[in-house]
Amino acid sequence: MKVVIPAAGQGVRFFPATKSQPKEMLPVLDRPVIQYVVEDAVASGADDILIITGRSKRAIEDHFDVSPELQKWGQLPELQSLDELSKRVSLHYIRQREPRGLADAVGIARRHVGTEYFGVLLGDTINVCTPPLLHQLWAIAQLHRSSVIAVESVPVEKVRDYGIVTGREIEPGLYQCEELLEKPDPASTPSRLGITGAYVFSPDIFLAIDRTPPGRNGEVQLTDAIQLLTQEHTVLATTFRGTRYDIGDRFLWLRTNLEFAYRHPEYKGRLRDIMVSLMRDDTVPQ
Ligand code: G1P
């Protein structure tokens, strides 16, 4: 399976931390976020990954590359597991020249992908799912011979952060998409089913991207392209088993770090002690 990972976004919600380094390289506990995403794609069956990068994103390529100056540390288990990961998959990179939107970034993959179905995972989102999320989507795509997107129910005040889907439920948790809207107003949203950023597409998505005019923020939105795709092809949306961690802004990143540390046997006790003492001394009014 080929997988495309768009990682060209500027990380505006993280400035100044992401002014000169990719948000995808921010660490969650012991690894940069992009490593979790690549691990997830490989666990889902990816043998070929194309990462769409851009300005200030060179650190992503360096991360998965051999670094001669670190050879003497090569036996460290942390570096060995990264080396093994990089060897298990064919990694490719293309730069998006200008930030023109998520659909534009996916469109850049056209020649690389060719005429096969392919997966898309966002470079700033960690999915902890069993089976791995793209594996779940791929199975549905194969069965129904159609594109599939992952969705989850989001609180109504959060719909303005998501692509939103309406559709007919054809099986429990599986919807045939009808209307898709990028970041609607909570007051008028037709649904609370939010697009979580994992997709399996038929190559028809590239023709739909070609026909998609710039939308929200003047960018070519993937949600708008999927809306056009539904006019000629079935597109399914599915809920999934597992948890998604979006690290796209400071609080979400902090929260993800805390949760991962709390679930790790080495850090759990120490983290709990710190939190308890912080709360005890906390004089900030509630
Ligand atoms: C992007 C997509 C949106 C999706 C979201 C998931 O938005 O445009 O449809 O719901 O990812 O995180 P972004 O978060 O990049 O603004």
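Just follow the structure's listing: the first ligand is 1, and inside any ligand the first atom is 1.
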Suppose I only count heavy atoms of G163 and a 4.0 Å limit; which atoms of ligand 1 are within that range? 3 (C), 4 (C), 9 (O), 10 (O)

What atoms in ligand 1 come closer than 4.0 Å to a heavy atom of Y162? 10 (O)

Do any heavy atoms of T125 fall under 4.0 Å from ligand 1? no

Looking at ligand 1, does R13 have a heavy atom less than 4.0 Å from it? yes

Can you list the steps and then say if R255 with D246 is a salt bridge (Lys or Arg N to Asp or Glu O under 4.0 Å)? CA-CA 10 Å; R255 197 202 130 126; D246 177 352; over 6 Å; no

Considering only heavy atoms, does [X] approach ligand 1 within less than 4.0 Å through its side chain, its backbone, both, or neither?
{"X": "E219", "value": "neither"}
{"X": "R244", "value": "side chain"}
{"X": "I195", "value": "both"}

May I ask you to identify the nearest protein heavy atom to [atom], giving residue, atom name and distance to one decimal place in Å?
{"atom": "atom 7 (O) of ligand 1", "result": "K183 NZ, 3.3 Å"}
{"atom": "atom 1 (C) of ligand 1", "result": "L102 CD2, 4.2 Å"}
{"atom": "atom 2 (C) of ligand 1", "result": "E182 OE2, 3.6 Å"}
{"atom": "atom 11 (O) of ligand 1", "result": "L122 CD1, 3.5 Å"}

Whether [Y] and [X] form a salt bridge (side-chain N of Lys/Arg under 4.0 Å from carboxylate O of Asp/Glu) is what I want to check.
{"X": "R100", "Y": "E219", "answer": "no"}
{"X": "D83", "Y": "K87", "answer": "yes"}
{"X": "D48", "Y": "K2", "answer": "no"}

T223-ligand 1 polar pair, N/O distance under 3.5 Å: yes

Going by distance alone, is a donor N or O of one side chain under 3.5 Å from an acceptor N or O of the other, for Q80 and E84? no

Measure from atom 14 (O) of ligand 1 to the protein's non-hydrogen atoms and state whether any distance is below 4.0 Å. yes

Which word best sums up how the rings of F118 and F206 line up, parallel for under 30°, tilted for 30 to 60°, or perpendicular for over 60°? parallel

Taking the six-membered ring for Trp and the full ring for Phe, Tyr or His, determine whether the centres of Y245 and Y36 are under 6.0 Å apart. no

Could you check V148 against F201 for side-chain contact (heavy atoms from CB on, under 4.5 Å), going step by step and ending with a plain yes or no? CA-CA 7 Å; V148 183; F201 288 121; over 6 Å; no

